[in-house]
There are 2 protein chains.
Amino acid sequence: MPSLRVALYQGPSGIPESTADSLAALAAAARRAAGSGARLLLTGELYLTGYALGEDVHRRAESASGPGAEAVARIAAETGIAIGYGYPERSGTALYNSVQLIGPAGERLANYRKTHLFGPFETACFTPGDDLVVQADLDGVRLGLLICYDVEFPEAVRAHALAGTELLLAPTALMRPYEIVPRTIIPARAWESQLYLAYANRCGAEGEFDFAGMSCLAAPDGTVRARAGAAEELILADVDTDFLKASRAENSYLADRRPRLYTSLV
Amino acid sequence: MPSLRVALYQGPSGIPESTADSLAALAAAARRAAGSGARLLLTGELYLTGYALGEDVHRRAESASGPGAEAVARIAAETGIAIGYGYPERSGTALYNSVQLIGPAGERLANYRKTHLFGPFETACFTPGDDLVVQADLDGVRLGLLICYDVEFPEAVRAHALAGTELLLAPTALMRPYEIVPRTIIPARAWESQLYLAYANRCGAEGEFDFAGMSCLAAPDGTVRARAGAAEELILADVDTDFLKASRAENSYLADRRPRLYTSLV
């Protein structure tokens with residue numbers, strides 16, 4: 001009966017002065033998470049650099065194996081927990097809005113490039129990824145990766161559920177007045193596609209953006225197992241694959257779908 | 001700027017003694033709805049006969065042009081409003097769980113057969129429909145029809161939005177403890193697919209079922225414009241296609257989809 005304690009780190013507030021500051025805050029959060037029994041720590045979208053970078057994102061981006069990744073790997077190995085973190089990824093001449101998952105021994109487990117870009121900043125600076133389902137295994141639990149706007153599309157979460165994702169990790173940068181997303185859409189996604197969904201948001205103001213906080217972990221029964229407020233916070237919740245299996249047997253959405261009727265969606 | 005006042009009739013409680021009783025209650029509700037300026041009245045699932053019929057459904061079913069349809073057409077013509085009502089439909093040797101939309105002159109506008117059947121009673125007694133998107137126009141508004149469990153599948157509502165449905169009508173027979181559906185899933189559907197969604201439930205106890213009421217009309221901004229309690233009730237709400245158009249421009253989910261990434265869904 002694999003189970004996994006997950007920590008969601010909502011913070012720090014505002015754009016960090018440097019990546020070093022982000023890494024110091026991450027190390028502190030990882031130590032607290034590990035001390036609380038968590039096996040996985042998830043940050044918000046573009047965690048390493050902050051979100052509202054404008055054109056500066058070109059200078060701050062790095063590769064999936066860059067110095068930021070190496071530093072996160074050291075934190076993961078030192079604390080013995082996995083870390084999923086958002087960052088702007090450079091690959092050749094392209095920039096991606098990415099999340100990378102580092103394992104508890106410091107190994108790179110998976111890297112996902114946001115497929116549904118949101119708003120003028122993102123569409124101007126980033127190339128959308130073309131691989132919707134990126135997964136990894138941790139402690140017997142199948143993890144999947146999406147980012148922010150991605151999870152607002154039921155198709156994206158459904159694709160993960162159909163591919164076997166049990167715990168979907170979604171760093172986000174969700175601004176006011178879109179509180180409907182963490183309040184209503186995230187629990188709906190977990191219920192309708194029968195999986196756990198961890199949604200780790202930014203908080204505080206960055207330029208024109210006012211991030212809403214409200215990070216949460218939603219369960220396949222539609223309940224919210226942990227919920228952050230508006231400010232910096234570390235929250236914890238447990239994922240239980242036995243509970244998930246029982247929930248999928250009782251709420252048979254995945255089995256009751258009629259794929260042949262959905263051809264207009266593709 | 002087409003707009004449409006919609007009435008949702010949640011009632012009467014329990015299995016009706018006869019179809020005549022259902023029709024009498026429907027006529028009274030239609031008069032009240034018309035008197036309040038409604039142009040459309042929607043009932044719950046299997047309204048004419050009640051839901052918990054067991055094997056009796058075979059005896060009670062009728063064709064889409066049967067005596068129940070004729071009686072509803074008379075009520076629609078007398079009150080001058082459209083009526084969407086649920087009923088068990090016989091077609092040849094097959095039974096369907098259907099909703100029929102009758103226009104304000106008593107004309108049959110559309111008939112939809114539930115595509116996603118729920119639970120042992122329905123799967124034992126009904127054949128699933130194979131036509132997911134059935135539409136009709138009323139007062140310049142494009143209407144669509146689904147039934148109960150159908151709308152719990154985001155794919156079904158998405159198919160309607162992509163086909164131009166502006167107001168989706170969903171008679172339902174939603175039991176406790178599934179209050180998450182009217183509370184969370186219905187507003188989520190309206191928001192994520194950017195349409196109005198009218199969800200008219202049954203209320204009271206029928207055999208093993210305890211229907212939850214909570215009928216509602218959800219708007220594309222994710223708000224619930226009208227909500228019934230647990231008992232018999234007629235609720236009213238307005239649909240505004242100008243508001244819908246503005247909401248779709250601001251919340252561009254339908255335009256921002258990436259259909260080529262969703263091939264695993266079909």
Side-chain angles (χ1 to χ4, degrees), chain A residues 114-119 122-123 128-133 146 149-164 177-181 183-193 218 220-224 250-266, chain B residues 114-119 122-123 128-133 146 149-164 177-181 183-193 218 220-224 250-266:
Chain A
K114 190 174 187 177
T115 51
H116 299 79
L117 299 176
F118 177 81
E122 292 187 28
T123 51
D130 284 327
D131 193 357
L132 184 60
V133 177
L146 288 176
Y149 197 43
D150 288 329
V151 300
E152 299 178 36
F153 294 81
E155 295 92 339
V157 179
R158 190 69 111 197
H160 265 281
L162 295 174
Y178 295 107
E179 293 91 336
I180 188 176
V181 176
R183 186 184 299 127
T184 301
I185 301 298
I186 298 303
R189 293 282 171 273
W191 168 257
E192 76 200 12
S193 279
D221 61 358
T223 62
V224 172
E250 194 175 346
N251 304 291
S252 50
Y253 290 122
L254 300 178
D256 294 345
R257 296 176 69 249
R258 298 195 59 200
R260 285 181 306 123
L261 301 187
Y262 309 147
T263 51
S264 69
L265 272 64
V266 298
Chain B
K114 190 175 186 176
T115 52
H116 300 78
L117 298 177
F118 177 82
E122 292 187 29
T123 51
D130 284 327
D131 194 356
L132 184 60
V133 178
L146 288 176
Y149 197 42
D150 288 329
V151 301
E152 299 179 36
F153 294 81
E155 295 92 340
V157 179
R158 189 69 109 195
H160 266 281
L162 295 174
Y178 296 108
E179 293 92 335
I180 188 175
V181 176
R183 185 184 298 128
T184 301
I185 301 298
I186 298 302
R189 293 283 172 269
W191 168 257
E192 75 200 14
S193 278
D221 60 358
T223 62
V224 171
E250 195 175 345
N251 305 292
S252 50
Y253 290 123
L254 300 178
D256 294 345
R257 296 175 71 249
R258 298 196 59 199
R260 285 182 304 122
L261 301 187
Y262 309 147
T263 50
S264 69
L265 272 64
V266 300

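All chains are named by letter (A, B, ...) in the order of the sequence lines, taking the proteins before the strands, and each is independently numbered beginning at 1.
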Structural part of [X] lying under 4.5 Å from a heavy atom of chain A:
{"X": "B/F118", "value": "neither"}
{"X": "B/S252", "value": "both"}
{"X": "B/L162", "value": "side chain"}

How far apart are the C-alpha atoms of B/H116 and B/E152, what are their side-chain angles, what is the distance that settles it, and do they pass the side-chain contact (heavy atoms from CB on, under 4.5 Å) test? CA-CA 9 Å; B/H116 300 78; B/E152 299 179 36; over 6 Å; no
Contact class of A/I180 relative to chain B, heavy atoms under 4.5 angstrom: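 It is the side chain, since no backbone atom gets that close.
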Given a strict heavy-atom distance threshold of 4.5 Å, which part of A/S193 is in contact with chain B: side chain, backbone, both, or neither?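 Neither; nothing under 4.5 Å.
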Out of B/D130, B/T263, B/L117, B/N251, return the one with the most heavy atom pairs under 4.5 angstrom to chain A. B/D130
Separation of A/R189 CZ from A/H160 NE2 (nearest 0.5 Å):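 Spacing of NE2 (A/H160) from CZ (A/R189) equals 13.0 Å.
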What's the spacing between B/L146 CG and B/F153 CZ if we round to 0.5 Å?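 Here the rounded value is 11.5 Å.
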Against chain B, work out which of A/A163, A/A156, A/P259 has the most heavy-atom pairs shorter than 4.5 Å and name it. A/P259
Report the C-alpha distance between B/R257 and A/L265 in whole Å, list the side-chain angles of each, state the deciding distance to 0.1 Å, and finish with yes or no for side-chain contact (heavy atoms from CB on, under 4.5 Å). CA-CA 9 Å; B/R257 296 175 71 249; A/L265 272 64; 3.6 Å; yes
Apply the test side-chain contact (heavy atoms from CB on, under 4.5 Å) to residues B/L132 and A/R260: give CA-CA distance (whole Å), side-chain angles for both, the deciding distance (0.1 Å), then the verdict. CA-CA 10 Å; B/L132 184 60; A/R260 285 181 306 123; over 6 Å; no
Nearest heavy-atom pair of A/P187 and A/A218: which atoms, and what distance? CA-CB, 4.0 Å
